[in-house]
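These notes are about the structure you will find just below.
None of the values given here were measured: they were computed from a predicted structure. Every chain is numbered from 1 and lettered A, B, ... according to where its sequence line falls, protein lines coming before strand lines. All heavy atoms count here, side chains included; hydrogens, waters and symmetry mates do not.
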Number of protein chains: 2
Amino acid sequence: MSSTPKHKASTTSSNRQDYLKAILSLELKGAKASTSAIASKLNTQPASVTGMFGVLSNLGLINYVPYKGAELTSDGRIQAISLVRKHRLWETFMVEKLGFKWDEVHEVAEQLEHVDSEQLIVRLDDFLGFPRFDPHGDPIPDSSGNISDRRSLVEVSSIKVGESASIRGVLSSSDSFLKHLDDLGIRLGLVFSVIKIYSYDGSIQVECDGVREVWSKKLVEQLLAEVK
Amino acid sequence: MSSTPKHKASTTSSNRQDYLKAILSLELKGAKASTSAIASKLNTQPASVTGMFGVLSNLGLINYVPYKGAELTSDGRIQAISLVRKHRLWETFMVEKLGFKWDEVHEVAEQLEHVDSEQLIVRLDDFLGFPRFDPHGDPIPDSSGNISDRRSLVEVSSIKVGESASIRGVLSSSDSFLKHLDDLGIRLGLVFSVIKIYSYDGSIQVECDGVREVWSKKLVEQLLAEVK
DNA sequence: TTAAAAGATTAGGCATGACTAAATAATTAA
DNA sequence: TTAATTATTTAGTCATGCCTAATCTTTTAA
Ligand SMILES: [Mn+2]
Ligand SMILES: [Mn+2]
Ligand SMILES: [Mn+2]
Ligand SMILES: [Mn+2]
């Protein structure tokens, strides 16, 4: 039992961690981490971001030039990537082990990612079988911070006849879509092979567990898979 | 992604939750929640506790009379018990699913307990099979806040010949003790029956999975079990 | 090339919680 | 019953972060 400031004096508060993560996500998109961009991502005000940029800069986590935005230093990048790793592992845990839907886990992971324990993540990763992608198809950085390329996942609609693949993620999280997946028994990790492609309407015939089914074009355009 | 104050405006900050939990733990021991007692539990100063007592009192979570200490209101009690429930479920998760030792989980649970999601706990409880005791033998409050009596656990040393029981907790968390349990293959949930009690040295012969072993007096005095 | 618009920073505050030192109650011992 | 000791509260600060309004900079458009 201990009050908040004591919970293992982590180097960086959960607040600051979220800023680093927000900066990383912009950098990965090739966008500049301006105060207004970060403010809108974090639901805060540009003036507050300016203040935090000063703090993070003093901590050596970003390079900040007034009016020019922020860039992660290698220290800051390491922390941001570690946060992303935790976030995605927790999302995977919630979906794979606790039975949450793909669209229900983000907010909670946003909290869980800040739990400070190296061992917890090492063991969680192991428990989950070292997953490489989260339930949304986003890559999970490994313990050294390497992020595999999301592009190694493809839309199911682009898989060739005869190829086998496993479902790894989704591009939409609408209720109706997730419900439809449920109805069809399509879940993360499902292995299937493409038997036939119907050019008439873009639907495809697949085989899963020895059973053949047809998936519509609309469906397979929203599904991500890893080809074997 | 969102900055701390946004993480789902929980009614009570994690800080305040820890205060409520500290007060509960004193009340359960029949002790008074004085500012100095709470301060020492939370590693803070009595003056800080006085301040927080004012806040919690205004929120209707405690009754506070200056110089007389604090008492939980029924609202405060509900919140404190809910926190204890989360804490113990997370400890159980870490030990049973992630393979942590019994003495390694408290600090991390101290953080995890503050993750704010009703569903997360409902599903975690289910995933764990609705455990009634945590790895330390402490009862896990159910979702209505009922706490079963810890006294329904007994020291293994007090079990009669012919009775069956399952290991539910420990009274010590010393490294050497936990290591010894490991060596003997004694783990949470292990089912055994008492075959013989040796009055000479207080050791007992037990049968687990059809195999007979002898456990020393020192060992069985530190082990808690639930008799069938 | 300059004026308006958009973007960013500073200034001045506020809320939460913590800390130290000083003042005040409540206990305990004489 | 009084004096000393111990416990608690108050007063005055500090650090984090957030907010609004005002004041720059930088861009964009005339
Ligand atoms: Mn997410
Ligand atoms: Mn977060
Ligand atoms: Mn806690
Ligand atoms: Mn415990």
field: Residues A:Ser157, A:Lys217; criterion side-chain hydrogen bond (donor to acceptor under 3.5 Å, both in side chains); working and verdict
entry: CA-CA 7 Å; A:Ser157 56; A:Lys217 179 180 188 202; over 6 Å; no
message: Just to verify, what does A:Phe53 make a ring pair (Phe, Tyr, Trp, His ring centres under 6.0 Å) with, not counting sequence neighbours?
response: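 Result, ring pair (Phe, Tyr, Trp, His ring centres under 6.0 Å) vs A:Phe53: A:Tyr64.
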Any side-chain N or O of [X] below 4.0 angstrom from OP1/OP2 of [N]?
X       : N      : answer
A:Ser34 : C:dG7  : no
B:Ser13 : C:dG17 : yes
A:Thr35 : C:dG7  : no
A:Thr50 : C:dA8  : no

Divergence of helical axes at both termini of the helix from C:dT1-D:dA30 to C:dA30-D:dT1 - five pairs an end, 10° steps: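 One end axis against the other gives 0°.
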Closest nucleotide among C:dG7, D:dT9, D:dG17 to the B:Pro46 side chain: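 The closest nucleotide is D:dT9.
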message: Looking at A:Gln222, is its backbone amide N or carbonyl O close enough to the side chain of A:Glu155 to form a donor-acceptor pair, meaning the two atoms are under 3.5 Å apart?
response: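 Checking the backbone N and O of A:Gln222 against the side chain of A:Glu155, no donor-acceptor pair under 3.5 Å is found.
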message: Between A:Arg132 (side chain only) and A:Pro139 (backbone N and O only), is there a donor and an acceptor less than 3.5 Å apart?
response: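 The answer is no, because no donor-acceptor pair under 3.5 Å joins these two groups.
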Nearest whole angstrom, please: distance from the [atom2] of [N] to the [atom1] of [X].
X       : N      : atom1 : atom2 : answer
A:Met52 : C:dT10 : CE    : P     : 16 Å
A:Phe53 : C:dT9  : CZ    : P     : 8 Å
B:Leu56 : C:dT16 : CG    : P     : 12 Å
B:Ile38 : C:dA18 : CD1   : P     : 12 Å
B:Asn15 : D:dT16 : CG    : P     : 16 Å

message: Quick one about A:Asp18 and A:His114 (side-chain donor to acceptor, distance below 3.5 Å, no hydrogens or angles considered), yes or no?
response: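 Looking only at side-chain atoms, A:Asp18 and A:His114 do form a donor-acceptor pair, the distance falling under 3.5 Å.
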- prompt: Is the CG atom of A:Asn146 crowded by more than 12 outside heavy atoms at less than 6.0 Å?
  reply: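 More than 12 heavy atoms, drawn from other residues, nucleotides or ligands, come within 6.0 Å of this atom.
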- prompt: So does B:Glu71 have more than 12 non-hydrogen atoms from other groups sitting under 6.0 Å from CD?
  reply: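 Count not over threshold, so no.
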field: side chain to side chain donor-acceptor pair (under 3.5 Å) partner of B:Glu113, the single match among B:Lys86, B:His87, B:Gln17
entry: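 Option passing the side chain to side chain donor-acceptor pair (under 3.5 Å) with B:Glu113: B:His87.
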query: Any idea how A:Phe127 and A:Phe93 line up, ring-wise: parallel (<30°), tilted (30 to 60°), or perpendicular (>60°)?
result: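 Rings of A:Phe127 and A:Phe93: tilted, 30 to 60°.
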Table of protein N/O atoms under 3.5 Å from nucleotides 19-29 of chain C N/O atoms:
{"unit_1": "C:dC19", "atom_1": "OP2", "unit_2": "B:Thr44", "atom_2": "OG1", "d": "2.9"}
{"unit_1": "C:dC19", "atom_1": "OP2", "unit_2": "B:Gln45", "atom_2": "N", "d": "3.2"}
{"unit_1": "C:dC19", "atom_1": "OP2", "unit_2": "B:Ser48", "atom_2": "OG", "d": "2.6"}
{"unit_1": "C:dA25", "atom_1": "O4'", "unit_2": "B:Tyr67", "atom_2": "OH", "d": "3.4"}

